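Predicted model only: the values in this text are computed from it and were never measured. Here is the naming used below: chain letters follow the sequence lines, and residue numbers restart at 1 for every chain.
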Amino acid sequence: MIDVRRIRTDYDAVAAALARRGGSLEELEQVRALDVSLREITGERDQIRSEVNAISKEVGSLRRDGRTDEAEAKQAQSRALGDREKELADLTDDIGARTRDLLLHIPNLPSDDAPDGAHAEDNVEIRRVGPGDDASAWADHQRVPHWDIGTELGILDLERAVKMSGAMFTMFRGAGATLSRALCQLALDHNSDAFEEVRPPTVVLTDTMISTGHLPKFADDAYHLERDDLWAIPTAEVPLTSLARDEILEGAELPMRLMAQTACFRREAGSAGRDTRGLLRVHEFDKVEILAYAAPEQAAELHAELLARAESLITALGLTHRVLDLCTGDLGNSSARTFDIEVYAPGVDQWLEVSSVSWFSDYQARRANIRFRRAGEKGTEIAHTLNGSALAVPRVWAAVVETHRQADGSVKLPEVLHPYFRGNTEIRAKN
RNA sequence: GGAGGGGUGGCAGAGCGGACGAAUGCGACGGUCUUGAAAACCGUUGAGGGGCAACUCUCCGGGGGUUCGAAUCCCCCCCCCUCCGCCA
């Protein structure tokens, strides 16, 4: 949620920043208009309340003195004011609710540093590590899609997953399941020097989804358990961001770093029919998320840190990749600036987005009412939130299997994974 | 799921229709005293909104209601505790 006060005092700058995303400014204009009338009516309401409060005090003292007639006259006067107060109070409640609802639909202001652009094609590649999609770098035995490798080695059983749960659900078996778990464990171990590990709930209340910006605008993308009005989380970002909801953090505890491995659930409603094969787009997957609460001045450095941490895992796994600076048109709703890491998977010949590292400025924290107090100072400030996928299993699994496939059909495991494989250093078909 | 008890400031805890944004204690902060510290004593100490300001409004788990006036009375909901039931 962007700050109404900025809309009030700095409208042109807010409008200009939002315009960089493309899309309409209609809601912003509506908020501005509502806010003006809200303050006007609120002022009038408070004025009347103040009178009612004063009169009521008088009634009290008159009654104590036994001056009943005078007290009753005052009561009548107050009653009349009360009717007017009720009208105005209903009006402010209504306008306030409408304002908040509009505000919840307006995306975050992009950072000045985010590149301009309308589509994903305008994203800026800031570096590339390894050969990427250079065809000459890849041998024929690496040009096999992971679903074929998975079947051949008996480590991926999509057919039976579909039998249990329908299309776009997956099942790993044997060394495939171990690989899935090992990737998560690696990501957790890799960040345990600075991040507290959390095992949050995977099913949450509506308010928890609103805090991150996943509701109300993107309800169709999430699984909703209607009977209990609970939502299956699309990412651990959702519960982790609400960990400090409605709390005031001590400045000294910032930045606060958290990480969690959870299942993530996505309906993928808008992308039916795309990437249906294999692991590229699935309804349920495991992911290790890293997240931080920060003071504003700490945010830039933390953003770089989260990106470096996510990227170093990809590097350690021996995957070729590129880092993109998302343009304003491709930026997620809640984000002010986002770096994506894309891995090149030679078997499917595609760049796969495996991590998205975002700085949300105070947008989520204002929704979630997460504040902090600087040591020795009065008052509170809205915190900043940042997060990124440390490692999202299915796409990394696919890229690892395709990249490290050997001429004999086996998959050679990257060294960082060896500790998790009970002495094995490769995956071979059993026969 | 059933029965009972409870949710008040950073914490503990009083208040149960009017002088209550809330006693008291603890904690924290500032001061006096002290070479320094402790103790003692004095003072300060919740959050948010509107207003240039004076000032003013809101918040006692959440939402409705009664009343001139609600932390206090009524209704609904949520959460916590104890017991019973069920259960990995």
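- Across the strands present, rC52(B) finds no partner; the criterion is a Watson-Crick or G-U wobble pair with both atom distances under 3.5 angstrom.
- Every residue was checked against the salt bridge (charged side-chain N to carboxylate O under 4.0 Å, His left out) condition with R100(A), not counting sequence neighbours, and none meets it.
- How far CG of L102(A) is from NE2 of H105(A): 8.0 Å, rounded to the nearest 0.5 Å.
- rU82(B) is paired with rA3(B) under the Watson-Crick or G-U wobble criterion, all donor-acceptor distances under 3.5 Å.
- Taking atom P on both rC75(B) and rA22(B), the two are 29 Å apart, rounded to the nearest angstrom.
- If you look at F339(A) and H303(A), their ring centroids are closer than 6.0 Å.
- We find that CG of L62(A) is positioned 16 Å from P of rG69(B), with the value rounded to whole Å.
- Evaluation of the side-chain hydrogen bond (donor to acceptor under 3.5 Å, both in side chains) rule for D193(A) yields R309(A) as partners, not counting sequence neighbours.
- The same atom, P, is picked in rC73(B) and in rG7(B); the two are 11 Å apart, to the nearest Å.
- Regarding contacts with the backbone of rA47(B), a side-chain N or O of R373(A) is found under 4.0 angstrom from either OP1 or OP2.
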Salt bridge (charged side-chain N to carboxylate O under 4.0 Å, His left out) assessment of D35(A) paired with R39(A) | CA-CA 6 Å; D35(A) 180 56; R39(A) 273 181 306 149; 3.7 Å; yes
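- Listed candidates were rG18(B), rA47(B), rG51(B). Nearest to the side chain of T380(A) is rA47(B).
- With P as the reference atom, rG61(B) and rC52(B) are 34 Å apart, rounded to whole Å.
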Check: protein-nucleotides 70-76 of chain B nitrogen or oxygen pairs below 3.5 Å:
none

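- Among the protein residues, R63(A) comes within range of the nucleic acid bases, having at least one heavy atom under 4.0 Å from a base atom.
- rG13(B) and rG6(B) have their P atoms separated by 13 Å, given to the nearest Å.
- Between the C1' atoms of rC79(B) and rU8(B), the separation comes to 15 Å (whole Å).
- Taking atom C1' in both rC78(B) and rG46(B), one finds a spacing of 24 Å when rounded to whole Å.
- Following rounding to the nearest Å, E72(A) (CD) and rG69(B) (P) show an atom-to-atom distance of 15 Å.
- Nucleotide rC41(B): paired with rG31(B) (Watson-Crick or G-U wobble, both distances less than 3.5 Å).
- Judged purely by atom type and a 3.5 angstrom limit, R337(A) has no side-chain atom pairing as donor or acceptor with the backbone of W359(A).
- Within the shown strands, nothing qualifies as a pairing partner of rG21(B) under the Watson-Crick or G-U definition with both distances less than 3.5 Å.
- Among residues two or more places apart in sequence or in another chain, the side-chain hydrogen bond (donor to acceptor under 3.5 Å, both in side chains) test is passed with R32(A) by E29(A).
- D229(A) pairs by the salt bridge (charged side-chain N to carboxylate O under 4.0 Å, His left out) definition with nothing, not counting sequence neighbours.
- For the P atoms, the distance from rC33(B) to rG51(B) is 46 Å, rounded to whole Å.
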After noting the C-alpha distance and the side-chain angles of E58(A) and K74(A), does the key distance pass the salt bridge (charged side-chain N to carboxylate O under 4.0 Å, His left out) rule?
-> CA-CA 8 Å; E58(A) 285 182 58; K74(A) 288 282 182 194; 3.3 Å; yes
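- Straight-line distance from the CD atom of E247(A) to the P atom of rG10(B): 12 Å, rounded to whole Å.
- With both ends at atom C1', the span from rA70(B) to rC59(B) equals 14 Å, rounded to whole Å.
- Pair assignment for rC60(B): none, as no Watson-Crick or G-U wobble contacts are both less than 3.5 Å.
- With rounding to whole Å, Q75(A) atom CD is found 18 Å from rG17(B) atom P.
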Using a 4.0 Å cut-off on protein heavy atoms (strictly under), produce a 5'-to-3' string for nucleotides 55-63 of chain B with B for base contact, S for backbone-only sugar-phosphate contact, and - for none.
-> -SSS-----
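- Straight-line distance from the CD atom of Q77(A) to the C1' atom of rG69(B): 14 Å, rounded to whole Å.
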Full working for salt bridge (charged side-chain N to carboxylate O under 4.0 Å, His left out) between R374(A) and E250(A) = CA-CA 7 Å; R374(A) 293 184 191 275; E250(A) 290 306 327; over 6 Å; no
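- Following rounding to the nearest Å, D3(A) (CG) and rG48(B) (P) show an atom-to-atom distance of 13 Å.
- If you take CG of D246(A) and C1' of rC79(B), they are 14 Å apart, rounded to a whole angstrom.
- Outside the 6.0 Å centre-distance limit, the rings of W231(A) and F265(A) are not counted as a close aromatic pair.
- Rounded to an integer number of Å, the gap from I55(A) CD1 to rC68(B) P is 12 Å.
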Verdict with supporting geometry, E268(A) and R266(A), salt bridge (charged side-chain N to carboxylate O under 4.0 Å, His left out) | CA-CA 5 Å; E268(A) 299 292 351; R266(A) 301 189 179 180; 5.3 Å; no
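- Among the atoms of the strands shown, only primed sugar atoms or phosphate atoms (P, OP1, OP2) are found under 4.0 Å from some heavy atom of S78(A).
- Residue whose closest nucleotide on RNA chain B sits further toward the 5' end, between G379(A) and K86(A): G379(A).
- Within the shown strands, nothing qualifies as a pairing partner of rC87(B) under the Watson-Crick or G-U definition with both distances less than 3.5 Å.
- For R39(A), the listed nucleotide lying nearest its side chain is rG51(B); candidates were rG49(B), rG51(B), rG69(B).
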